[in-house]
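Since the structure comes first, as structure tokens, the remarks are kept for the end.
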Amino acid sequence: MNDEQVERVRELLAAVPPGRVTTYGDLAAAAGLNSPRIIGRILAEDSADLAWHRVVHADGKPAPHKVDEQLQRLRAEGIQIRNERVDIDVTRWRWDDAM
DNA sequence: AAAGTGACTAGAC
DNA sequence: CGTCTAGCCACTT
């Protein structure tokens, strides 16, 4: 992991608009990382200025230890939560022409 | 160097 | 729903 990748991840995450979420996998792929685990590592390292709550698992489920707060934040942004899980429609946030 | 761990994912059962 | 495997990558013992 070099700082460039980390910066890219932070940018991408910052580019996710409210009401939308992305997955660890998509984020990693978009940042050119080979493993989604790195995303989790980056967030664990420094999530102070990041919209970490907009990052969910591939299933649409929030982070295991912060599930409560994350779910609450997401709901506050108007994201549809059904049974502890984000709607898969908004989970996959695509960059169509923004890339 | 080797093994354990984790904000991950996908497939098998 | 759940557990297990197997990849995955950086970090810590």
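So that the names make sense, note that chain A is the first sequence line, chain B the second, and so on, each numbered from 1.
Donor-acceptor pairing under 3.5 Å, judged by distance alone, is absent between the side chain of A/Ser35 and the base of C/dA10.
The distance between atom CD of A/Glu84 and atom P of C/dC1, rounded to the nearest whole Å, is 9 Å. Atom CD1 in A/Ile38 sits roughly 14 Å away from atom P in B/dA7 (whole-Å rounding). Regarding A/Asp68, its CG atom lies at a distance of 17 Å from the P atom of B/dA7, rounded to whole Å.
Scanning for side-chain hydrogen bond (donor to acceptor under 3.5 Å, both in side chains) contacts around A/Asp87 gives A/Arg82, with sequence neighbours left out.
At a threshold of 4.0 Å, the pair A/Glu69-A/Arg73 counts as salt-bridged, since one of the basic side-chain nitrogens sits closer than that to a carboxylate oxygen.
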Interface polar pairs with nucleotides 11-13 of chain C, N/O, under 3.5 angstrom:
from, atom 1, to, atom 2, distance (Å)
C/dC11, O4', A/Arg41, NH2, 3.4

Give me the distances for all protein-to-nucleotides 9-13 of chain B N/O pairs that come in under 3.5 Å?
from, atom 1, to, atom 2, distance (Å)
B/dT9, OP1, A/Gly25, N, 3.4
B/dT9, OP1, A/Ala58, N, 3.2
B/dT9, OP2, A/Ala58, N, 3.1

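Of the side-chain N and O atoms in A/Asn34, none sit less than 4.0 angstrom from OP1 or OP2 of C/dC8.
A/Ala58 approaches A/Ile88 most closely through the heavy-atom pair O-CD1, 3.9 Å. Nearest heavy-atom pair, A/Ser47 versus A/Trp52, reported as atom, atom and distance to 0.1 Å: O-CD1, 3.6 Å. Residues A/Pro36 and A/Ala28 share a closest heavy-atom pair of CA-CB, 3.8 Å.
Spacing of C1' atoms, C/dT13 relative to B/dA1, comes out at 12 Å, to the nearest Å.
Note: the hydrophobic cluster containing A/Val9 also contains A/Tyr24 (ILVMFWY, side chain heavy atoms under 4.5 Å, direct or indirect links).
Within 4.0 Å of A/Asn2, counting heavy atoms only, lies no atom of the nucleic acid at all.
Each of A/Arg92, A/Arg54, A/Arg20 was compared with A/Asp26 under the salt bridge (charged side-chain N to carboxylate O under 4.0 Å, His left out) criterion, and only A/Arg92 meets it.
The CD atom of A/Glu84 sits 9.0 Å away from the NZ atom of A/Lys61 when rounded to the nearest 0.5 Å.
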